[in-house]
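Below is one structure, written out as structure tokens, with a few remarks after it.
No experiment lies behind these values; they were computed from the predicted model shown. Atom set for the values below is all heavy atoms of this structure, side chains included, hydrogens, waters and symmetry mates excluded.
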Amino acid sequence: IDAFHQARQSFEASLNEVEQHLEDSDDAINIQRLTQLETLYGSWSALPETLVELHDNPRQNQPALQLYYSEVRPLSVIISGEISNMIDLQREQEASIEQSDLLNSMISFQTSFESMMSNLQAYATVGDLHFKSGYTTRLSINAAAWGKLHQSRDQLTTVQQTQLDTIAAARDELFDIPFDIFTATEGERAYEDLYLFGTEAQPQADAMLLLLNEISADQQTLLQADLNEGHARLTQTQ
């Protein structure tokens, strides 16, 4: 960032010098180019600060991460809280093979779900396919555990059945959101700062460089013409 600001100050100082030189000339074409350049620069100059702000704010910069925290996280907290309460109640039940199996299903659902959420958050953050694979692997385990719990509903206490219904509602609401996160992570706008740089900052910079090159080329041509004229006069004088 410091290097950018130093380069920016140098560029603006040079731009002011170019403006002063062209003001004293009758070079209408390059004056027009300079006007276009200054207009572009006025539009472009606000972008770097926006890029830095986005880069320093991952939730705002990464739509997938924002989706995770705004929609997935609240639902996952509900599911994790309810299954923890179900497990606590289940441990108070009279010991039996059926009750032990039910407890194991609850624990399997809890551990696989927490692993799913950890992998989903990690994938939304860094986009590593290893985390996506981790999510999909645990998804099947979690679905199997959920199926056992749902089939064993009659063995649950009234409170546990209410908790199971709360989990079911949250799961239904959560179901499609991870796939939206996958799409956002793998899309061209996975990082807003890079997208903005590629679609706005870079094209505008290329347009400014083109104008500068055209101005520079004209000045080199004029300079060479002056040198040729000076050389001819010198030869004639000699």
Side-chain angles (χ1 to χ4, degrees), residues 1-23 30-77 80 114-136 174 176-219:
I1 293 176
D2 290 340
F4 165 78
H5 286 304
Q6 292 175 5
R8 182 174 188 164
Q9 291 174 359
S10 176
F11 172 79
E12 290 178 351
S14 297
L15 189 61
N16 288 332
E17 291 182 10
V18 172
E19 183 179 5
Q20 292 173 5
H21 287 305
L22 286 179
E23 282 179 352
N30 282 322
I31 290 175
Q32 181 181 5
R33 287 171 177 159
L34 180 62
T35 300
Q36 294 175 0
L37 173 62
E38 291 174 333
T39 300
L40 277 171
Y41 185 67
S43 174
W44 181 91
S45 59
L47 292 174
E49 183 176 351
T50 301
L51 294 175
V52 172
E53 290 176 354
L54 285 170
H55 183 77
D56 292 342
N57 187 341
R59 290 195 192 184
Q60 183 180 357
N61 193 37
Q62 298 172 241
L65 197 58
Q66 186 179 31
L67 190 60
Y68 174 83
Y69 279 105
S70 64
E71 297 191 29
V72 173
R73 183 66 177 168
L75 294 170
S76 69
V77 168
S80 295
E114 290 177 352
S115 180
M116 284 168 55
M117 293 301 100
S118 296
N119 279 280
L120 185 61
Q121 181 182 6
Y123 186 62
T125 303
V126 300
D128 189 330
L129 290 175
H130 170 77
F131 297 117
K132 181 180 180 180
S133 176
Y135 173 86
T136 54
L174 178 63
D176 289 328
I177 304 177
F179 299 100
D180 294 335
I181 289 178
F182 295 158
T183 300
T185 303
E186 296 158 13
E188 63 178 2
R189 302 191 71 156
Y191 294 88
E192 284 291 329
D193 59 343
L194 296 181
Y195 179 79
L196 185 61
F197 180 84
T199 57
E200 294 189 33
Q202 187 65 51
Q204 291 183 31
D206 289 342
M208 287 189 287
L209 286 171
L210 178 60
L211 289 167
L212 281 170
N213 287 334
E214 290 174 345
I215 294 173
S216 177
D218 279 0
Q219 295 305 308

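- Taking every heavy atom of both residues into account, G198 and P203 meet most closely at O-CD, 3.4 Å.
- Pairing each heavy atom of S115 with each of N119, the nearest pair is O-ND2, 2.8 Å.
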Please test M116 against S76 for side-chain contact (heavy atoms from CB on, under 4.5 Å), starting from the C-alpha separation and ending with a verdict.
CA-CA 10 Å; M116 284 168 55; S76 69; over 6 Å; no
Go through the steps to decide whether V72 and L174 satisfy the test side-chain contact (heavy atoms from CB on, under 4.5 Å), and finish with yes or no.
CA-CA 7 Å; V72 173; L174 178 63; 3.9 Å; yes
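- For the atom pair T50 OG1 and E192 CD, the distance stands at 11.5 Å (nearest 0.5 Å).
- S133 and T136 make their closest contact through O-OG1, 2.9 Å (heavy atoms, listed as atom of the first residue, atom of the second, distance).
- Among all heavy-atom pairs drawn from N30 and L22, the shortest one is O-CD1, 3.7 Å.
- Using a 4.5 Å heavy-atom cutoff, the side chains of Q204 and L47 are in contact.
- Using a 4.5 Å heavy-atom threshold, the side chains of R33 and D218 count as touching.
- A donor-acceptor contact shorter than 3.5 Å is absent between the side chain of S10 and the backbone of Q6.
- Here S80 pairs with F113, E114 under the side chain to side chain contact (heavy atoms under 4.5 Å, CB included) rule; sequence neighbours left out.
- Atom CG in L120 sits 8.0 Å away from atom OG1 in T185 (nearest 0.5 Å).
- In the displayed structure, R8 atom CZ is contacted under 6.0 Å by more than 12 heavy atoms of other residues, nucleotides or ligands.
- Pairs engaging residues 121-130 under the side chain to side chain donor-acceptor pair (under 3.5 Å) rule: Y69-Q121, Y123-E186 [sequence neighbours left out].
- Every side chain to side chain contact (heavy atoms under 4.5 Å, CB included) that A124 has, sequence neighbours left out, goes to A64, L65, I181.
- Put simply, the side chain of V18 does not reach to within 4.5 Å of the side chain of L212, judged on heavy atoms.
- Among residues at least two apart or in separate chains, ring pair (Phe, Tyr, Trp, His ring centres under 6.0 Å) pairs with a member in residues 35-54 are F11-Y41, Y41-W44.
- Residue E23 qualifies as enclosed at atom CD: its count of foreign heavy atoms under 6.0 Å is above 12.
- Here the OG1 atom belonging to T35 is positioned 11.0 Å from the CG atom belonging to L40, to the nearest 0.5 angstrom.
- Residue pairs meeting the ring pair (Phe, Tyr, Trp, His ring centres under 6.0 Å) criterion with at least one partner in residues 188-208, sequence neighbours excluded, are absent.
- The side chain to side chain donor-acceptor pair (under 3.5 Å) test applied to D193 returns H55, N61, not counting sequence neighbours.
- To the nearest 0.5 angstrom, I177 atom CD1 is 14.0 Å from R73 atom CZ.
- Note that CD of E19 and CD1 of I31 are 10.0 Å apart. Values are rounded to the nearest 0.5 Å.
- Taken to the nearest 0.5 Å, the CZ atom of R59 stands 15.5 Å off from the CG atom of L54.
- Judged purely by distance below 3.5 Å, without hydrogens or angles, the side chains of N16 and E12 never pair a donor atom with an acceptor atom.
- Not one N or O on the side chain of S43 forms a donor-acceptor pair closer than 3.5 Å with the backbone of T39.
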